[in-house]
Every structure is written in C-alpha cells, then in structure tokens.
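Only one structure is covered here, and it is reproduced in the block below.
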Amino acid sequence: MFIALASHPDGVLLSPLDDAGEPAGEATVLARAAMPAEVARREFTAAAADRPRWVWDDTTTWYPLLLSAGVRVERCVDLRLSHAILRNSELTARTALARAARNGWDEPTPEDRAHRREGHRAASDGLFELEPDAGSASAVGPPDPVAEFRLQREAVAASADPARIGLLLAAESAGALVAAEMQFAGLPWRAELHDQLLTELLGPRPKPGERPAKLTAVLERVRDALDAPELNPDSPVELVKTLQRAGLMITSTRSWDIKKLRHPVVEPLLEYKKLARLLSANGWHWLDANVRDGRFRPDYVVGGVVTGRWASKGGGGALQLPKQVRGAVVADPGFKLVVADASQLEPRILAALSGDAAMAEAGRAKDMYAAIVARGAVKTRDHAKVAMLGAMYGATTGESGRLMPALAKAYPRAIGLVESAARAGERGEVVTTRLGRSSPRPGANWRELQAAAYGESSTDADASKARGQARSWGRFTRNFVVQGTAAEWALCWMATLRGALHELGGSAWLTDAPHLVFFLHDELVVHSPAAMTDAVVAAIESAAVEAGRLLFGATPVEFPLSIAVVDSYADAK
DNA sequence: CGAATCGGCGCG
DNA sequence: AAAGCGCGCCGATTCG
C-alpha cells in the first residue's frame, strides 16, 4: 500500500494507491496540523508488512515536519530523486517518463532554488557543462504526485531490469529518510572542546578582524625568513613573488611544492598555512555558525553528486570535516559512537562488478592489496594500491601508468570493465552502474569540439584538443561505474542498518535508540546507548553482508569493515 | 560595487 | 614520490 501526500488548499490530500499507482480507495483531505498524527496512526497500527509507503515530492519538505512532531516513518518514495534516476537511466530510456518533455519533476527542489538565489553554485557546475535544460519550462503550480507515481511505476515495470532499478529507487528514498533523520538528530559536538582545541593550536580567540596570537607569531617568522615585513601569505600572487625574490624556484604556493624547497621559510610557512586553514575553515566562526545546542546539523544532499554520492550544502562542509577537529565529536553521557568504515570499498566493488574471478579471489581477503601482491601481479603493497587507483581513475603516466599492463594481465576482466567504460565515455556514450544509475551525456560544447576535430578544416590543434577532452570524459565514465556502484552499496548498507537500528530500539524514540548521525561515502557513525553497542556492531556487520548480497547476489567478494566503539570520533582510527 | 573565477586545501 | 576520479568552501583577485 502506498499513500501519496500532496498539498491541498484545505491542508493535505492523502491518496491511497496500489502497486501500479492506481487509486486504491477514497482520497481524503486533512488539516495540516492533523497530518503528523494521521501518519503516526498508520505507521503504528499496521503490521510491519502492511505499513504504508509514503509517496511525496521531496523528503526534505515533508519529513522534517514529521520528525519535529515525533513521527518516524518506515518507508517512503521520494518522487523527485526517483524521477532523476528514471529520467537518465539506460534501463528506462524507452519509457513514457524518460521520453516526456522536461517538466516540474526535473526542476530542483524549492529549497535548492532558494539556496541558489543566495548565490551558491549550481550542483552540476564543474569541469564539464552538462546537457542544457531543454526548454527549461517549469510546470505551472505544484506537480501532481499521483500522476508522477503512476508514471514511475510504469517505468520500473517496463524497464530492462525492474528488480535492480526498483532496488535503487528504494535505496535512494531510504537514503533521503536517513539524511533527514541525521540532520534532525545532529552530530554530537562539544563546542567547549572545539574551542579548547583551537586555543591550544592558535591561541585564545582574538577580537574580530585580528589574527590569533600563535598565528601572528608564525606569520612573523615567515616574514623574517623572507625579509618581507608586509607579506600577506594568504595572497598566492604576493607569496610566489616574494619566494622568487628570495631565490626560490617556484611557481605555485601549494604546500606540496613548498615542502620540496630547502630554505628557512619552509617550516614556518607550512605551519602558517596549516593554522590559517584551520582558522578559516573550522575556526570559531565555523563553530558559531554551525554548532548549536551541542549538535552539528549539516545539510546533506542525497544524490547530489552525478555518481549518486551525497553532497552537502551551506556552511559546514559536512563531507570535509578535518581529522584535526574530530576530537570535538563526543558521544552524550551514557552513549557511545560506533564508527564503521568499509575497507578498500572501491576495488572490491570493481572485483564484484566485473565478475573477474581472480580479482574476486583477492577481494575475499581482509587486505585486498596484499592479496594482489600474493598473486604476483605487482611487487609491493604500495604498488598494488597505486595500480588499483590508477585503474579506477585512469592514470596513464607515472608509476601508476607503468603498473597498468601487469595489472591488466593478472585481472583482464576487471581492467577490461573500466577500460570499456572509458572507451564509451570517449565516444560520448552513457555508462551505467550495477543498479541502473546512468552517467550524464557530455554537453553541447563537448560534442561540437569532437565534431570539429573530424571536420574538413580541422587543424592538428583541434584534433589534439578534442582527443584530450574525449580522454577526460573517458576518465569520468571510467570512474563513474565504480564510484557510482560503491555509492549504491553504501546506500544499501545504510538503509539496511537503519531498519535494524530501529528494531534494536524497540519502541524508543529515534534519538533514544541507536541512530545514525554521520555518513561519509564509505563510513558511518551511529550514536548508541552504551549498553547496546555490541548489538549495533553486529547490525552494522550484517548490513554490510546484506548490501553485498543485494547488489551482487552470490559473489566471493567480501566487504570487511573496520569498526570502533569510542567516546570521541578522534579515537576511531 | 557585487558576482564570478582562481588557487589552495579539506574529505572520500 | 605522484597526477588520475568525485565533491565544498575559503580568501584573494578579477570581471562586468
């Protein structure tokens, strides 16, 4: 049973729907204020199997309201996220949904539009411009969830593989629930510990506009070493000029390049950069803006990355919490943090995805890189690691490039898979993950440049530019299949765990039971009552096994985790 | 003047 | 030691 929720002049319209998306009973209108109680009633009275799946346009607009009212839901269908997948997927390319003109369901959520108006970059901005909005005609008024849901059910049923795409939609929607719940619960954050940490490294909090004492001290050492009393090292142009004037051969101010120099300025300059970064990215200003009532509540953007990974938006930078400040993340009294990390996830995904028996054999080991060495493909563990990364990212030169032939010889099917994904991208074709998320097509500029290289009047320069661009898109599609499938594994892992944690909690409210508080591509953090951590660890382990089974069925590849039960996130590894 | 871009760096 | 994927955010700089 599905129940669609939609705004209505008198409140909220509830429409019961069957598996095909057809009406399955009388639609009713409820006052807005009565909605959470009605949702709760349906959640609690039904047996688990009969619990409704709530169908709504955006989880971000409905679920936070329910959570604030103390209502958790078991399952939902996030129509906008599902639409984005179905619109692009090769598996549903010939369905009515995919062939329809762009409409309101292709537009960003209302929050995203507001966010963009505030001057933030569009999520799809980047190295490559994507397919432009054809027409970009926004539907008049809010789109109808009932009609959209029916189209989506049709598309799934008619797809080349309904089970896979259906699983992907379920996982994506479950992810949306997790994201809302994690934001609701928040990551426990001890502001006084963060402040203490900053004070130790930078000195006491300065007045606005002033540098902290320790930063000033190290800045003076930099200026002395370069005999440049006015130098502002935050200006790359100024810094590079000053370094050159001191006789140093350098054209950038990256730490990695500076590290290679031999000069008295190197040590204080690297120290300055490190401290200045801490101050600007996660200093007191960050603390004021992002931590309230002992919680950090980042805005997760489910499916915010083309590969299906999550992104984050707004202040905070949730997906880049430096290790430096993780000491401020501490479990509440009586609670523990259970931190779990999937080891070497992407190479294992490649092994399972390609069905390469030899690589899958290595993928059974706790240390996959060591197993690759044991097979004799490469000589050292470092080589195994760098070669695998090169295979998944498309390295052509350097050590990684040199190791590729040996790797391809030992694991022809696995390397063949990423190579053919790269070739497809170079031709401008689409590639698809295990569960059916397809890569975007290159934009019009890309195609024009390719076409120009084959034209009558093309020059060598045109051809070489086109080749470079084609290879670049090929590296993207090469990585897409692995990164995207890894993101699917992580979604399945997290969605399965979410259910298990709820079971463990019994009738306890979300934040009194073990609950997810953080997720970062292949790592998650559960905030759990101290007495339940053994059960939580077991649930995390079995969710990982289940994720592997959901994606790949019977595969020899294993997905080992490293799990730590700690008070402070800083102690996790 | 604010908006867009650049160089740099944090995360996976 | 390094050059190849995906992100978001900062301060400085340049653009319009």
Side-chain angles (χ1 to χ4, degrees), chain A residues 115-128 232-240 251-260 269-270 272-283 285-286 289-290 298-301 303-326 341-346 349-350 382-383 385-404 418 421-422 425 431 439-440 471-484 486-487 490 518-524:
Chain A
H115 188 251
R116 209 165 300 183
R117 270 196 303 276
E118 286 166 28
H120 299 273
R121 294 174 41 171
S124 62
D125 279 0
L127 184 55
F128 309 105
N232 173 16
D234 296 333
S235 164
V237 176
E238 203 184 325
L239 181 56
V240 87
T251 53
S252 94
T253 66
R254 286 189 292 268
S255 292
W256 197 90
D257 290 329
I258 290 168
K259 214 169 282 176
K260 292 184 288 197
L269 183 53
L270 292 175
Y272 176 87
K273 279 174 160 283
K274 202 170 160 182
L275 293 180
R277 167 79 191 184
L278 173 64
L279 176 65
S280 75
N282 294 98
H285 180 256
W286 182 93
N290 293 292
D299 275 319
Y300 296 100
V301 186
V305 180
V306 281
T307 58
R309 276 186 173 183
W310 290 12
S312 69
K313 68 172 193 287
L319 277 49
Q320 39 183 120
L321 280 186
K323 299 210 157 79
Q324 257 179 329
V325 302
R326 293 188 183 181
D341 182 302
S343 317
Q344 305 163 346
L345 178 58
E346 292 195 354
I349 290 290
L350 175 57
D382 274 359
H383 281 189
K385 184 173 179 175
V386 95
M388 284 302 292
L389 288 175
M392 295 184 296
Y393 292 162
T396 52
T397 61
E399 174 118 76
S400 185
R402 283 195 295 280
L403 291 165
M404 285 300 294
V418 286
V431 297
S439 63
R471 291 209 176 121
S472 181
W473 194 262
R475 287 192 299 275
F476 165 62
T477 51
R478 169 197 294 269
N479 186 249
F480 183 96
V481 291
V482 179
Q483 187 185 119
F518 196 60
F519 171 59
L520 188 57
H521 310 316
D522 60 0
E523 173 178 352
L524 50 80

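Letters go in sequence order (proteins before strands), and every chain restarts at 1. Every heavy atom of this structure was used, including side-chain atoms; hydrogens, water molecules and symmetry mates were not.
- Thr253(A) places no side-chain N or O within 3.5 Å of a backbone atom of Val240(A) that could act as its donor or acceptor partner.
- Summarising the local packing, CZ of Arg471(A) is surrounded by 12 or fewer heavy atoms from other residues, nucleotides or ligands at distances under 6.0 Å.
- Within 6.0 Å of NZ in Lys385(A) there are 12 or fewer heavy atoms belonging to other residues, nucleotides or ligands.
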Chi angles and distances behind the side chain to side chain contact (heavy atoms under 4.5 Å, CB included) call for Phe476(A), Val306(A): CA-CA 10 Å; Phe476(A) 165 62; Val306(A) 281; 3.8 Å; yes
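- Residue Leu345(A) is classed as having no contact, given no heavy-atom separation below 4.0 Å to the nucleic acid.
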For nucleotides 13-16 of chain C, give me every protein contact, N/O to N/O, under 3.5 Å, one pair per line with atom names.
residue	atom	partner	partner atom	Å
dT13(C)	OP1	Ser235(A)	OG	2.3

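- Nucleotides dG12(B) and dG4(C) place their P atoms 22 Å apart, quoted to the nearest Å.
- Proximity of Ile258(A) to Lys273(A): side-chain heavy atoms (C-beta onward) are separated by under 4.5 Å at one or more points.
- Residue contacts for Arg326(A): at a heavy-atom cut-off of 4.0 Å it reaches the sugar-phosphate backbone alone, with no base atom in range.
- Using modelled atom types and a 3.5 Å distance limit, the side chains of His521(A) and Gln483(A) yield no donor-acceptor pair.
- Nucleotides of DNA chain C nearest to Arg254(A) and His285(A) differ in position, and the one nearer the 5' end is that of Arg254(A).
- Considering only the side chain of Lys273(A), dG8(B) comes nearest among dG4(C), dG8(B), dG6(C).
- Heavy atoms of Ala281(A) sit nowhere under 4.0 angstrom from any nucleic acid atom.
- In the set dG4(C), dG8(B), dG6(C), dG4(C) carries the atom at the smallest distance from any side-chain atom of Ala395(A).
- The listed nucleotides are dG11(C), dG4(C), dC5(C); the one nearest the side chain of Asp234(A) is dG11(C).
- Across dG8(C), dG12(B), dG4(C), the shortest atom-to-atom separation from the side chain of Ala311(A) is found for dG8(C).
- Closest to the Arg277(A) side chain, of the nucleotides dC5(C), dG12(B), dG8(B), is dG8(B).
- Going from atom CG of Leu403(A) over to atom CG of Leu389(A) covers 11.5 Å, rounded to the nearest 0.5 Å.
- Here the P atom of nucleotide dC5(C) and the CG atom of Leu350(A) are 17 Å apart, to the nearest Å.
- A straight line from CG of Leu279(A) to C1' of dG8(B) spans 16 Å, rounded to a whole angstrom.
- Of the possible donor and acceptor atoms, one in the side chain of Ser439(A) sits under 3.5 Å from a partner among the backbone N and O of Val431(A).
- Contact check, Thr307(A) against dG6(C): no side-chain N or O comes under 4.0 Å of OP1 or OP2.
- Rounded to a whole Å, the CG atom of Asn282(A) is 15 Å from the P atom of dC9(B).
- Summarising the geometry, the separation between NE2 on His521(A) and C1' on dG12(B) is reported as 4 Å, rounded to the nearest angstrom.
- Residues His383(A) and Gly390(A) each lie close to DNA chain C; by heavy-atom proximity, the contact nearer the 5' end of the strand is made by His383(A).
- The CG atom of Leu270(A) sits 13 Å away from the P atom of dG8(B) (whole-angstrom rounding).
- Using a 4.0 Å heavy-atom cutoff across all strands shown, Val482(A) reaches no nucleic acid atom at all.
- For the atom pair CG (Leu520(A)) and CG (Asp341(A)), the distance works out to 9.0 Å, reported to the nearest 0.5 Å.
- Considering only side-chain atoms of Gln320(A), the nucleotide from dG10(B), dG12(B), dC7(C) that sits closest is dG10(B).
- Partners of Ala490(A) according to the side chain to side chain contact (heavy atoms under 4.5 Å, CB included) rule, which considers only residues two or more places apart in sequence or in another chain, are Phe519(A).
- Nucleic acid contact for Arg475(A): sugar-phosphate only, since backbone atoms but no base atoms lie under 4.0 Å from a heavy atom of the residue.
- The separation between Asp257(A) atom CG and dA1(C) atom C1' is 13 Å, rounded to whole Å.
- Here Ser255(A) does not reach the OP1 or OP2 of dG8(B): none of its side-chain N or O atoms lies under 4.0 Å away.
- Taking a pair as Watson-Crick or G-U wobble with both distances under 3.5 Å, DNA chain C forms stems of 3 or more consecutive pairs at B:1-12 with C:5-16.
- As a whole-Å value, the separation of Phe476(A) CZ from dG6(C) P is 6 Å.
- Taking 3.5 Å as the limit, the base of dG12(B) and the side chain of Arg309(A) contain a donor-acceptor pair of atoms between them.
- Here the side chain of Arg277(A) pairs no donor or acceptor atom with the backbone of Asn282(A) at under 3.5 angstrom.
- Side-chain N/O atoms of Lys323(A) include one lying less than 4.0 angstrom from OP1 or OP2 on dG12(B).
- In this structure, Met392(A) places its CE atom 12 Å from C1' of dG12(B), rounding to the nearest Å.
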